[in-house]
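Have a look at the structure below before the remarks.
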Amino acid sequence: MARTRLAAFLIGMASFFSVVAGQLRPMPCRVAFPVDLFALGIASKIRTDCNSTASASSDFGRIMEAAPEAVLHPATPADIAALIRFSASSPVPFPVSPRGQGHSVRGQSLAPGGVVVDMRMLGRGYHRINVSADYVDAGGEQLWVDVLRATLKHGLAPRAWTDYLQLTVGGTLSNAGIGGQAFRHGPQIANVHELDVVTGTGEMVTCSRDKRKDLFFAALGGLGQFGIITRARIALELAPKQVRWVRLAYSDVVAFTRDQELLISKQASEAGFDYVEGQVQLNRTLTEGPKSTPFFSEADINRLAGLASETGSGAIYFIEAAMYYDETTAPSVNQKLKMVLAQLSFVPGFVFTKDVTYFQFLDRVRVEEAELRWAGVWDVPHPWLNLFVPRSRILDFDAGVLKGILGGDNPVGLILMYPMNTAKWNSRMTAMTPATGEDVFYTVGLLRSALSADELERLQRENQSVLAFCDKEGIECKQYLPYYTSQDGWRRHFGAKWSNIAQLKAKYDPHAIMSRGQRIFPLPSVPAASTATT
């Protein structure tokens, strides 16, 4: 709900943000670059004009910016391999970073002093999506929404999704890809059979759990450190036709978390939901936010604001859930939902439901994005912080962060909070979860937007306060979409995996060419990204 508040609150302020927070600082054009690069067969696909480099100089976060020397428009994976081989053989190898939708938030997709690979150009003119009976082969540059459209034509769909579908296959698989189906199917990286990867040596490798498995597990959740994913073979299931979309309101965090954990403990054969997430609405958001949203009517919001006032709770919590069905199971949906709700402890009378198509449900964030773009306030800084918090400490986190550090806030953006089953994550993959040995952990997403330079500074200070609180209180959380400014930070993040990760880096990217914006294995000779000014 808070996502749409940005559009509702700022509808008349779009022109302000076009000059304060939404524009790139002009970037100087650079000309010093290995001239031999332009003697390669890919020379016609390399862009060095200011428009091309400026467009690859920032990302969704709008916090960091750095100009590449050039942008590659590859027609095939072989073009990418040629570029990487050239860099690897150069006296001073330059960084290479793939860029799909540029949806990183801290400059991770930037390549200062190097080359950005515009993955959107790969196979341009046709969709590299091939659907089979139980899997789909999708190019790393393909958007998940296009994968959904292609598979639905066959009555099939991938099992795991992110909330936002305007992201590339290679992009989410390089991180993990989490959403409300992860409690049952794991993250997106747990639903991949095979990959094509162009490594940091320029080798084109097909890998799987049985073939070149060290690269397979390294690349999944590998933050682009070992190569560029150019194809993924993704597991499919029969696609439902309709969705009963449900939101349940809670004023008590204990009941909220207890019910979430009950729901994710259920097997697919049991009566339950197919999708489970959670949101937190701070009280000021309810009382000062929009009068209606794509999901809630004005009357709904008035009731929720009244609930917050009556209970004196610092926040209202929502379980967001979905129950899939089709023509054959439609008659039993009401009864099935009734059985599930009877087991839960939400505030009586605060059940909100909506029936939509499966596609509409999965692509629901697109509606809110359209509103923000129409208002001219989509391209503002996004100082997001995503954490995986151990189940045993989630109540401490709620008290200290949501009701403490952020307690008086009226955030523009979204706060997510929902559990996942640790067993659905493969520890051989690079992606990290809390190393506490617990069977459940929570994802907490502080997905907030900054509406001015001062607010950006404040939100970043709050993020640091959140991390400091976790350190002080011994809450062993892990960052998702992590960002650290030193290798020591990365060593602590990866913990026992660090030695293996360093060995794999030496094997598959010995010159530390790949995705330097992550700052895991820096090259001192390459200029760093600068902080964006407003």
Side-chain angles (χ1 to χ4, degrees), residues 159-163 176 178-187 190 244-281 311 313-324 336-348 350-352 386-403 414-427 431-446 470 473-478 480:
R159 299 180 296 196
W161 298 94
T162 56
D163 292 332
I178 61 173
Q181 302 87 1
F183 79 93
R184 180 168 293 156
H185 300 296
R244 176 68 55 85
W245 186 3
V246 180
R247 288 186 182 176
L248 311 171
Y250 293 74
S251 60
D252 175 33
V253 67
V254 174
F256 170 68
T257 54
R258 183 179 62 238
D259 281 0
Q260 282 189 313
E261 291 171 24
L262 172 64
L263 291 172
I264 72 164
S265 71
K266 294 183 177 294
Q267 301 300 313
S269 59
E270 300 179 276
F273 291 117
D274 300 288
Y275 163 104
V276 176
E277 286 195 10
Q279 297 182 19
V280 183
Q281 298 293 326
T311 61
S313 173
I316 296 298
Y317 305 84
F318 296 95
I319 288 180
E320 181 174 52
M323 190 172 286
Y324 301 161
K336 183 179 178 182
L337 179 60
K338 183 178 180 180
M339 291 172 58
V340 175
L341 296 184
Q343 304 172 59
L344 305 179
S345 302
F346 53 90
V347 179
F350 283 83
V351 179
F352 307 90
N386 292 273
L387 299 173
F388 290 162
V389 180
R391 173 173 63 178
S392 61
R393 303 305 302 276
I394 192 62
L395 297 182
D396 296 327
F397 186 94
D398 174 77
V401 174
L402 301 183
K403 294 183 178 121
L414 180 68
I415 299 177
L416 296 175
M417 180 173 162
Y418 61 92
M420 289 182 279
N421 292 309
T422 306
K424 298 297 182 179
W425 292 66
N426 191 323
S427 63
M432 297 299 299
T433 59
T436 57
E438 298 179 17
D439 57 356
V440 169
F441 64 91
Y442 278 76
T443 181
V444 178
L446 307 181
C470 292
E473 298 299 321
I475 300 177
E476 298 180 39
C477 58
K478 292 292 183 183
Y480 177 60

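Since the model is a prediction, treat every value here as computed from it, not as a measurement.
Between the CD1 atom of Ile178 and the CE atom of Met420 there is a distance of 4.5 Å, given to the nearest 0.5 Å. To the nearest 0.5 Å, atom NZ of residue Lys478 and atom SG of residue Cys470 are 12.5 Å apart. The CZ atom of Arg393 sits 4.5 Å away from atom CG of Asp396, with the distance rounded to the nearest 0.5 Å. With values rounded to the nearest 0.5 angstrom, Asp274 atom CG is found 12.5 Å from Lys266 atom NZ. With rounding to the nearest 0.5 angstrom, the CG atom of Leu387 is 6.5 Å from the CG atom of Leu446. Rounded to the nearest 0.5 angstrom, Cys477 SG and Met432 CE are separated by 12.0 Å.
When the salt bridge (Lys or Arg N to Asp or Glu O under 4.0 Å) test is applied to Arg159, no partner is found at least two apart in sequence or on another chain. Take Asn386 and apply the side chain to side chain donor-acceptor pair (under 3.5 Å) test, not counting sequence neighbours, and it matches no residue.
Between Phe273 and Leu337, the closest side-chain pair of non-hydrogen atoms falls below 4.5 Å. Two residues are said to be in side-chain contact when any heavy atoms from C-beta on lie closer than 4.5 Å; Val351 and Phe346 meet this criterion. The shortest distance between side-chain heavy atoms of Ile475 and Val389 falls below 4.5 Å. Using a 4.5 Å heavy-atom threshold, the side chains of Phe441 and Arg391 count as separate. Considering only heavy atoms from C-beta on, Arg247 stays 4.5 Å or farther from Ile319 through its side chain. In this structure, the side chains of Val280 and Phe318 stay at 4.5 Å or more apart for every pair of heavy atoms. The shortest distance between side-chain heavy atoms of Leu416 and Asp163 falls below 4.5 Å.
With Glu320 contributing its side chain and Tyr275 its backbone, the two residues share no donor-acceptor pair below 3.5 Å. Judged purely by atom type and a 3.5 angstrom limit, Arg244 has no side-chain atom pairing as donor or acceptor with the backbone of Ala321. Using a distance-only test at 3.5 Å, with no hydrogens or angles considered, no donor-acceptor pair links the side chain of Asn421 to the main chain of Val440. In this structure, Glu277 contributes its side chain and Gly180 its backbone to a donor-acceptor pair below 3.5 Å.
Judged purely by distance below 3.5 Å, without hydrogens or angles, the side chains of Glu438 and Ser392 pair a donor atom with an acceptor atom. Side-chain atoms of Tyr442 and Glu261 include a donor-acceptor pair closer than 3.5 Å. Side chain to side chain, Lys424 and Gln181 fail the donor-acceptor criterion of an N or O pair below 3.5 Å. Counted by atom type alone, Asp259 and Tyr250 present one or more donor-acceptor pairs between their side chains at under 3.5 Å. Using modelled atom types, one finds no donor on one side chain facing an acceptor on the other under 3.5 Å when comparing Tyr418 with Gln279.
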So Leu263 and Gln343, side-chain contact (heavy atoms from CB on, under 4.5 Å) or not? Walk me through it.
CA-CA 9 Å; Leu263 291 172; Gln343 304 172 59; over 6 Å; no

Quick one: do Val246 and Val340 satisfy side-chain contact (heavy atoms from CB on, under 4.5 Å)? Show the steps, please.
CA-CA 11 Å; Val246 180; Val340 175; over 6 Å; no

Are Val253 and Lys403 close enough, and set up right, to give a side-chain contact (heavy atoms from CB on, under 4.5 Å), and what steps lead you there?
CA-CA 11 Å; Val253 67; Lys403 294 183 178 121; 3.9 Å; yes

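The heavy-atom pair separating Met417 from Thr257 by the smallest distance is CE-CG2, 4.0 Å. Of all the heavy atoms in Ala249 and Ile316, the pair that sits closest is CB-CG2, 4.4 Å. When every heavy atom of Ala182 is checked against every heavy atom of Pro187, the shortest pair comes out as CB-N, 4.2 Å. In terms of heavy atoms, Ser251 sits closest to Val347 at N-CG2, 3.9 Å.
Note on ring orientation: taking the six-membered ring where Trp is involved, the planes of Trp425 and Phe388 are perpendicular (angle over 60°, cut-offs 30° and 60°).
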